[in-house]
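Encoded as structure tokens, the structure appears first; notes follow it.
Proteins come first, then strands; the chains are lettered A, B, ... in the order of their sequence lines, and each starts at number 1.
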2 protein chains.
Amino acid sequence: MPRNRRPQDREEKRAEIVVAATTLFTDSGYDETSMSKVATAAGVTTNTIYWYFDDKDALLVAVLDYVLEAALADAALEPERPWGEQILWAVDRLDQYRRLVTVVHAKTATSPVVEAWHNGFHTLVDTLLVDGFRRVGIPESDLVPMAAIGTFVVEGLLMHPHAVKDRRVIVQTLVASRP
Amino acid sequence: MPRNRRPQDREEKRAEIVVAATTLFTDSGYDETSMSKVATAAGVTTNTIYWYFDDKDALLVAVLDYVLEAALADAALEPERPWGEQILWAVDRLDQYRRLVTVVHAKTATSPVVEAWHNGFHTLVDTLLVDGFRRVGIPESDLVPMAAIGTFVVEGLLMHPHAVKDRRVIVQTLVASRP
DNA sequence: ACCTGAACACCGTTCAAGT
DNA sequence: ACCTGAACACCGTTCAAGT
């Protein structure tokens, strides 16, 4: 058995746990999903999870990484769109992860590892929003506050259910607004 | 002992529990505060709390009501201000309750009683924002999406720490924006 | 290196029993 | 009506023991 076989297996097993946790966390919620439920869904024993992850927070971060990576890969395949459509696409794409969005904000206050992920996520989103607003002609001096407002609108739409039509009106109003 | 003495006592005892829970929930967090900690702080036994509240979620809602009522009473005492200053005052006033804001959003998905409070809160905030934006001359047709954006900005500022100065720039950009 | 059975301390909640 | 002691089922996490 070659030496590089093992790490391969380890990654596969780890991934199975992450996939199981993703489904449960997004559908039933983080607090509502016990480690033993994740274990059962992944076909392992509860404490086996602790061989792969430090604790439940670390498993959450792994789920967040997994979900974000998939969304970014999807985004790369998508055609260029008008700026408003781009934002709406992202909101639609992330809509299924509402429960992750709320739990990240709640856990950020107490879990350093979740807080770190949250910071990195906001840095990424901020970069994307600054670029987008620059492209539609927002003056350089207003880009930072506009990106902040954009972030809050995207998060707000993810945290509060809205009809697809209402989302559209809100986002169009946002991208059409000028300070 | 007159018959109306009892309800008085009951309210006092209930209020003591709410005050104790408010401090603990806002400072240490909801999940991090056990019912037994609330009980100790309030000088009662754990299960006495269940005589006054259905469960931990109901206690959270009582805390939310208490905190909101105090903030509204404060607001009534405040002088009229320019629209942007009004929003900034509210953000400053509610800043201490960041942890309540995040936990409300997280629990809304699973607790009907928290969800009901959350809905009521948004109805209230929406009314205030529509009025405010109308006063600064936003056309009637844009009031609804602008109020939604305003809500998301206020919540976003409460959920993400910002320097006071950055808050000001963001809110000023918001109120100066026109679709 | 990887996995498990059994335990630990703690949690929200309940309930029979007291006054 | 109000409060308690004691219990219940469950939780995240640990650890000695196995392979």
Taking side chain to side chain contact (heavy atoms under 4.5 Å, CB included) as the test, write out the residues that go with [X], two or more places apart.
X: B:Val113; value: B:Asp57, B:Val61, B:Ser111
X: B:Asp92; value: B:Arg167
X: B:Thr48; value: B:Val44, B:Thr45, B:Tyr52
X: B:Ala90; value: none

Taking OP1 and OP2 of [N], is either one under 4.0 Å from a side-chain nitrogen or oxygen of [X]?
X: B:Thr48; N: D:dC3; value: no
X: A:Arg10; N: C:dC2; value: yes
X: A:Lys37; N: D:dC10; value: no

Sidechain N-carboxylate O distance under 4.0 Å for B:Arg134, B:Glu140: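 Looking at B:Arg134 and B:Glu140, the cut-off is met.
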
Measure the distance from [atom1] on [X] to [atom2] on [N] and round it to the nearest whole Å.
X: B:Glu16; N: D:dC2; atom1: CD; atom2: C1'; answer: 14 Å
X: B:Glu11; N: D:dA1; atom1: CD; atom2: C1'; answer: 14 Å
X: A:Ile49; N: C:dT4; atom1: CD1; atom2: P; answer: 11 Å

With B for base contact, S for sugar-phosphate-only contact and - for none (protein heavy atoms under 4.0 Å), nucleotides 12-19 of chain C reads SBBB----

Going by ring-ring contact (aromatic ring centres under 6.0 Å, His included), name the residues that satisfy it together with A:His162, two or more places apart in sequence or in a different chain.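 B:Phe152.
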
Tell me, please, which residues at least two apart from B:Phe121 pass ring-ring contact (aromatic ring centres under 6.0 Å, His included).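 B:Phe121 satisfies ring-ring contact (aromatic ring centres under 6.0 Å, His included) with B:Trp117 only.
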
Enumerate the residue pairs fulfilling ring-ring contact (aromatic ring centres under 6.0 Å, His included) with a member in residues 64-107 of chain B, sequence neighbours excluded, ordered by first and then second residue.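 Matches after skipping sequence neighbours: A:His160-B:His105, B:Trp83-B:Phe133, B:His105-B:His118.
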
Within the structure shown, what part of the strands sits under 4.0 Å from B:Phe53 by heavy-atom distance: base, sugar-phosphate, or nothing?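 B:Phe53: no heavy atom of the nucleic acid under 4.0 Å.
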
Using a 3.5 Å cut-off on both pairing distances, which stems of three or more Watson-Crick or G-U pairs include DNA chain D?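 Runs of three or more consecutive pairs: C:4-8 with D:12-16, C:12-16 with D:4-8.
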
